[in-house]
2 protein chains.
Amino acid sequence: MKRISILGSTGSIGTQALDVIAENEERFQVAALSCARNTELLCRQIEKFRPAAVAVEREEDASSIAAEYKDVEVYWGREGLEAIASMEDCDMVLNSLMGMRGLEPTLAAVNAGKDIAFANKETLVVGGELVMKAVRDKGVKLLPVDSEHSAIFQSLQGSGQNEIRRIILTASGGPFRGFSLRQLESVTLEQALAHPNWSMGSKITIDSATMMNKGLEVIEAKWLFDVPLDKIQIVVHPQSVLHSAVEYMDGSVIGQMGNPDMRIPIAYAFSYPDRLDLGTMTESLDFFSLKDGMSFYPADRDVFRTIDLAYEAARMGGSCPVVLNGANEVLVEMFLKGKIRFIDIQNILIKVMETHEPKYNLSIEGILEEDSRIRDDVRKMI
Amino acid sequence: MKRISILGSTGSIGTQALDVIAENEERFQVAALSCARNTELLCRQIEKFRPAAVAVEREEDASSIAAEYKDVEVYWGREGLEAIASMEDCDMVLNSLMGMRGLEPTLAAVNAGKDIAFANKETLVVGGELVMKAVRDKGVKLLPVDSEHSAIFQSLQGSGQNEIRRIILTASGGPFRGFSLRQLESVTLEQALAHPNWSMGSKITIDSATMMNKGLEVIEAKWLFDVPLDKIQIVVHPQSVLHSAVEYMDGSVIGQMGNPDMRIPIAYAFSYPDRLDLGTMTESLDFFSLKDGMSFYPADRDVFRTIDLAYEAARMGGSCPVVLNGANEVLVEMFLKGKIRFIDIQNILIKVMETHEPKYNLSIEGILEEDSRIRDDVRKMI
């Protein structure tokens with residue numbers, strides 16, 4: 001029986017993870033759950049999965065949950081997340097938090113010796129070096145849940161010492177694929193939230209529309225697979241059937257395909273190296289239903305300038321990815337609140353990165369400070 | 001240093017295998033070579049690769065080669081092939097023979113404890129049970145070289161005990177994809193020999209045009225991967241980029257892609273589980289050059305009736321695949337000689353299989369007898 005804690009259990013990944021657990025209760029058990037403010041759903045999850053502990057964002061929510069569920073340990077705030085990430089009766093932590101606030105709980109879980117099912121790319125973007133060092137030191141597994149990184153991970157199974165020539169990181173291209181810069185100027189929030197293939201949280205959906213998501217994934221892939229940036233190629237593939245692939249030095253390309261269903265990578269991370277029989281949950285990929293087949297295009301980096309920003313930030317290293325990510329998190333939030341236009345996200349990011357003076361050898365506190373500073377700066381700019 | 005013998009060194013696979021060996025002479029050495037009658041090319045290969053032994057079809061060719069190359073052991077005939085397949089100073093035998101005459105040398109090599117690089121599907125079609133039993137008993141490796149089976153094998157690496165839901169065996173569809181039965185009646189030899197993607201020997205090129213090749217590959221896959229027939233799905237994929245794939249029970253599909261270049265699967269079989277750096281030989285797959293993307297269609301079994309014949313023969317087992325294969329070998333030969341029309345190949349096969357009374361528990365002699373009998377019968381029918 002594997003005991004799993006879920007950070008972010010009321011989000012898109014969290015709820016799908018609970019689906020997987022519910023269908024495989026002979027293998028998995030929920031150790032702890034956490035959410036920010038969606039306590040209504042959290043309470044339903046508590047009743048169904050009977051976790052030993054939960055964590056929420058606010059103290060008042062913690063109190064009312066504790067009053068209702070006497071046998072559940074209830075934590076709150078940043079420390080609450082870290083408490084359930086490192087609690088004793090737990091084997092694996094699914095980090096499906098949104099944004100870089102997943103960094104500290106990830107480190108807490110790794111340092112407590114937990115395996116991590118990882119769906120929180122911002123954490124590796126800002127703290128890749130620290131996290132990967134802790135993972136190596138503690139000898140835990142960091143198992144990717146992002147569909148692309150899971151695809152790469154699956155394509156690397158059995159590869160032994162074989163050298164990688166290239167990672168092919170596929171991208172749907174989002175709702176604005178083929179748009180010109182001018183067209184991007186007048187797109188609406190509603191359009192930006194309408195992702196063609198995947199149903200996801202709003203932050204990642206906007207990141208997909210700006211292509212920043214793919215930029216962040218490049219940085220995530222660099223850390224997860226220890227591959228230089230120039231070996232990671234973004235390939236736009238609108239049908240999202242090939243989830244990503246690896247080319248080896250003999251020219252052979254191994255890729256993972258499937259219907260866009262996050263329960264496949266979630267289940268794989270939970271049960272790795274075994275696969276679960278998801279017979280009742282997942283439909284087989286019907287190659288014949290792919291009306292336009294599978295098509296592939298280069299990313300338009302002149303329009304979606306977030307891609308070059310991400311490569312450049314990763315190349316520079318140090319505080320650069322921290323600043324890019326922190327600024328992006330604030331800008332997406334402002335766009336979601338209707339305070340800026342869609343195109344402003346990348347325009348302001350370009351300005352921010354142009355003027356940023358990189359700092360190096362950041363500790364965890366240094367990262368948090370840099371993140372906090374850039375968020376203030378960006379808020380002031382608007 | 002791995003010492004490799006090549007059965008069929010002057011054919012398409014054989015010459016490409018020698019290219020791979022020539023480019024990797026620090027790893028591989030040629031132990032022995034064989035050909036049927038192309039002794040001119042064989043002599044050039046002897047001079048370049050200095051094998052200890054060679055085998056040819058006819059005694060007179062053996063004599064003249066022996067006179068010219070005093071330090072080479074020269075064998076001839078069926079026994080000659082078996083002698084070099086089982087010779088002492090050899091680690092691996094590449095079987096790139098054409099047709100079921102590869103059966104006895106394969107068994108000789110396996111029984112002598114050699115690993116096999118396998119590019120001779122007819123041998124498994126007629127003798128799969130015997131060959132696989134010998135492979136298990138001797139603990140040798142049978143490494144597929146056919147591009148589809150290599151793709152499946154590559155997709156199975158690192159799969160551990162994970163259950164297979166389906167094997168997706170891709171097919172280019174050959175030069176007559178989309179043709180009606182009526183159109184097939186008037187196609188020419190020249191058209192049948194013009195394969196859209198692969199440059200191969202004439203027997204396999206005609207088999208690709210009739211789709212019998214895919215039928216034989218289904219049977220080969222069943223034996224190589226120990227998978228029931230109903231889990232092997234033929235998917236027509238005209239671009240031949242996805243060389244085949246495996247769907248696991250979680251719905252995840254792992255596939256192998258690449259340019260159509262047989263040196264990739266040959267090199268993989270030679271150096272498994274390592275991959276060779278084929279940097280100078282193989283171009284990277286350019287996803288962006290796939291103008292029509294990758295498309296997928298069901299096979300038209302009403303037109304290409306060889307497919308159902310192959311599934312049915314494999315389902316019946318015993319002598320059925322032997323008879324189907326033997327009849328097909330003769331019919332392809334006759335078509336190549338202009339004695340029958342293209343459509344006659346499948347029409348006569350249908351007749352042959354309708355009237356065949358299956359025999360079971362065939363020994364190797366029984367298989368050879370059955371093969372010989374059906375060849376005579378088919379020759380008499382025309």
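Keep in mind it's a predicted model, so treat the numbers as computed, not measured. Just so it is clear: chains get the letters A, B, ... in the order the sequence lines come, proteins before strands, and each one is counted from 1.
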Shortest non-hydrogen separation from A:Ile234 to B:Phe288 and the atoms involved:
O-CZ, 4.1 Å
Chain A interface, residue from B:Met281, B:Met249, B:Glu163 that has the most non-hydrogen pairs under 4.5 Å
B:Met249
Judged by modelled atom types alone, do A:Gln154 and B:Ser252 share a side-chain donor-acceptor pair under 3.5 Å?
yes
Among B:Asn259, B:Ile264, B:Val253, B:Leu278, which residue forms the greatest number of heavy-atom pairs with chain A at distances under 4.5 Å?
B:Val253
Can you tell which part of B:Gln233 gets under 4.5 Å to a heavy atom of chain A, answering side chain, backbone, both or neither?
side chain
Kindly check if the number of other-residue, nucleotide or ligand heavy atoms within 6.0 Å of CD (A:Glu26) is above 12?
yes
Is any side-chain heavy atom of B:Phe287 less than 4.5 Å from a side-chain heavy atom of A:Thr170?
no
Go through the side-chain N and O atoms of B:Ser284 and A:Arg166 and say whether any donor and acceptor fall under 3.5 Å apart.
no
Given a strict heavy-atom distance threshold of 4.5 Å, which part of B:Leu276 is in contact with chain A: side chain, backbone, both, or neither?
backbone
Evaluate the side-chain proximity of B:Leu242 to A:Met257: yes if any heavy-atom separation is below 4.5 Å, no if none is.
yes
At a 4.5 Å cut-off on heavy atoms, which part of B:Tyr297 comes close to chain A: side chain, backbone, both, or neither?
backbone
More than 12 non-hydrogen atoms from neighbouring residues, nucleotides or ligands closer than 6.0 Å to NZ on B:Lys141, yes or no?
no
For atom CG of A:Asp286, is the number of surrounding heavy atoms from other residues, nucleotides or ligands below 6.0 Å larger than 12?
yes
Under a 4.5 Å cutoff for heavy-atom pairs, which residue among A:Gly251, A:Ser295, A:Gly258 has the most contacts with chain B?
A:Gly251
Side chain, backbone, both or neither: which part of B:Pro298 has a non-hydrogen atom closer than 4.5 Å to chain A?
both
Considering only heavy atoms, which portion of B:Asn162 lies under 4.5 Å from any heavy atom of chain A: side chain, backbone, both, or neither?
side chain
Part of A:Glu247 lying under 4.5 Å from any heavy atom of chain B
side chain
B:Tyr268 to A:Asp250 - nearest heavy-atom pair and separation
CD1-OD2, 4.4 Å
Counting heavy-atom pairs under 4.5 Å to chain A, which of B:Gln157, B:Arg165, B:Arg275 comes out on top?
B:Arg275
Going by heavy atoms in the side chains, are A:Phe296 and B:Met294 under 4.5 Å from each other?
yes
Using atom types as modelled and distance alone, determine if a side-chain donor or acceptor of A:Asp277 lies under 3.5 Å from a backbone N or O of B:Tyr248.
no
When A:Leu285, A:Val236, A:Leu290 are compared by non-hydrogen pairs under 4.5 Å with chain B, the top option:
A:Leu285
